[in-house]
Amino acid sequence: MQRKQIQGEQRQDKQIQGEQIQDKQIQDKQIQDKQIQDKQIQDKQIQDKQIQDKQIQGKQRQSTQTQRLTKSEAFTQTLKRNIQEGTYPYGTALPAERELAENFGLNRSTVRAAIQTLVEEGLLKKVQGKGTFVMRHARDNAYTHFRGMSELLKNHGYVPSSRILYTGPTPAGYKLSHLLQVGEDTVLYRIMRLRLGNGLPVSIENTFVPYELIPDIEDIDFQIYSLYDAFAMNSLRIAGIQQVFSTTRVRNSEAKYLNAENGSPVVSIAITSASEENGIIEYTNALVLPEFCKFYSDGVIQDSKLNVYAQSI
């Protein structure tokens with residue numbers, strides 16, 4: 001009897017021990033599940049925080065870009081107003097980007113973007129190695145756009161350039177007084193330059209305008225500005241341009257400038273420009289190598305004269 005009682009107690013202790021082990025396993029499993037759940041919650045919180053931080057950074061970048069765009073647009077309007085009010089006169093170089101940035105408390109990228117906008121609008125012109133130059137008022141859509149030789153050459157894949165051969169005052173004399181319809185003693189301003197395309201000679205242009213027509217014409221850099229830029233700066237509107245073609249031969253210095261043999265045939269183009277207010281305001285004689293003659297015309301022949309709407313300078 002006593003033996004059976006001992007065995008019963010042993011079985012009971014073993015059962016209790018088994019239950020305790022089972023309870024411990026369940027408890028450990030619950031702790032593990034809780035740890036896994038806590039880890040998942042923590043990972044989710046970290047992930048949500050990372051997403052939130054990225055969204056904040058994205059909004060900050062967008063806000064910065066919007067602010068820069070706004071500053072650029074505002075400075076574009078400031079520059080345009082200063083040009084129109086004469087703070088930066090036509091025909092002069094704009095201050096350097098660094099100077100503008102310092103004067104207006106802006107970074108150079110903002111200044112550069114504003115300048116590029118006005119270059120695209122035609123108010124400014126960049127010249128490599130020289131700077132950025134003021135060209136004219138905001139474009140007048142009613143103003144007839146005469147394509148310059150530089151533009152015509154660019155459209156055909158050439159890199160245009162020019163070399164000034166001579167500038168200065170000269171008396172009209174008999175021939176030019178009749179061509180420009182002025183008195184023989186009228187002082188004209190002469191601009192003689194060599195046109196180049198891809199560094200090769202294209203033409204020699206000899207231009208004459210009334211000296212009093214454009215104030216301070218001696219100060220205009222005609223390697224940067226065209227004559228028609230100068231007209232626009234002084235509100236001289238071109239009503240029409242007439243070209244008359246003929247043939248001739250070049251000799252001596254003219255042949256040398258054009259890199260042609262002495263006596264080589266060229267096309268001579270007599271170009272006359274007129275405005276409604278001032279009558280004839282320009283006469284140009286261009287000696288053009290035959291292969292480039294087509295760039296000077298954009299019209300039709302009427303009564304043995306080629307009436308065109310393309311400019312010579």
Side-chain angles (χ1 to χ4, degrees), residues 49-155 159-162 214-238 275 277 311 313:
K49 183 66 166 58
Q50 290 174 340
I51 293 173
Q52 187 178 11
D53 289 343
K54 286 183 178 179
Q55 289 175 340
I56 292 173
Q57 290 174 358
K59 288 180 179 179
Q60 288 175 340
R61 283 195 299 267
Q62 185 177 7
S63 176
T64 301
Q65 290 172 351
T66 303
Q67 187 178 14
R68 285 179 180 173
L69 180 63
T70 302
K71 285 183 178 180
S72 174
E73 290 176 340
F75 186 57
T76 298
Q77 295 304 316
T78 298
L79 271 183
K80 187 180 293 186
R81 185 169 58 254
N82 286 342
I83 290 171
Q84 292 173 338
E85 292 175 353
T87 304
Y88 305 124
Y90 308 146
T92 63
L94 201 66
E97 288 180 3
R98 181 169 56 185
E99 183 180 345
L100 288 171
E102 291 175 355
N103 290 343
F104 289 90
L106 301 169
N107 58 52
R108 291 184 66 176
S109 62
T110 299
V111 172
R112 190 176 300 117
I115 288 175
Q116 184 57 38
T117 298
L118 296 186
V119 167
E120 292 171 1
E121 291 183 12
L123 271 72
L124 299 175
K125 179 178 182 179
K126 289 184 177 180
V127 180
Q128 187 173 3
K130 292 192 174 184
T132 303
F133 293 81
V134 182
M135 298 304 292
R136 58 175 67 91
H137 279 302
R139 288 187 182 273
D140 181 355
N141 292 331
Y143 183 73
T144 305
H145 175 55
F146 294 101
R147 292 184 295 166
M149 194 60 191
S150 294
E151 182 180 342
L152 294 169
L153 285 168
K154 281 182 182 177
N155 291 344
V159 178
S161 60
S162 63
I214 302 174
D216 302 319
I217 191 171
E218 303 96 331
D219 298 331
I220 298 175
D221 188 343
F222 285 103
Q223 284 189 263
I224 296 173
Y225 295 93
S226 75
L227 178 61
Y228 286 76
D229 290 331
F231 286 160
M233 291 173 191
N234 290 274
S235 301
L236 294 169
R237 296 172 178 267
I238 304 301
S275 72
E277 299 86 358
Q311 71 184 44
I313 290 185

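In this text, all values refer to a predicted model and were calculated from it rather than measured experimentally.
- Ile83 is listed as a side-chain neighbour of Leu118, based on a closest heavy-atom distance under 4.5 Å.
- Interatomic distance, Gln77 CD to Glu73 CD, rounded to the nearest 0.5 Å: 8.0 Å.
- Rounding to the nearest 0.5 Å gives a distance of 15.5 Å between NZ of Lys80 and OH of Tyr88.
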Practice task
May I have the step-by-step check of side chain to side chain contact (heavy atoms under 4.5 Å, CB included) for Gln116 and Glu120, ending in yes or no?
Solution key: CA-CA 6 Å; Gln116 184 57 38; Glu120 292 171 1; 3.4 Å; yes

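- Contact record, Pro95 with Leu100: O-CD1, 3.5 Å, taken as the closest heavy-atom pair.
- The heavy-atom pair separating Val134 from Pro89 by the smallest distance is CB-O, 3.5 Å.
- Nearest heavy atoms, Ser162 versus Phe222: OG-O, 4.3 Å.
- Rounding to the nearest 0.5 angstrom, the gap separating the CG atom in Leu227 from the CD1 atom in Ile238 is 7.5 Å.
- Ile115 pairs with exactly one of Thr110, Leu94, Leu123, Thr76 by the side-chain contact (heavy atoms from CB on, under 4.5 Å) rule, that one being Leu94.
- Partners of Arg108 by side chain to side chain contact (heavy atoms under 4.5 Å, CB included), not counting sequence neighbours, listed by chain and number: Glu97, Arg98, Ala101, Arg112.
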Handout entry: Ile214 vs Phe231, side chain to side chain contact (heavy atoms under 4.5 Å, CB included): CA-CA, chis, key distance, verdict
Key = CA-CA 7 Å; Ile214 302 174; Phe231 286 160; 3.7 Å; yes

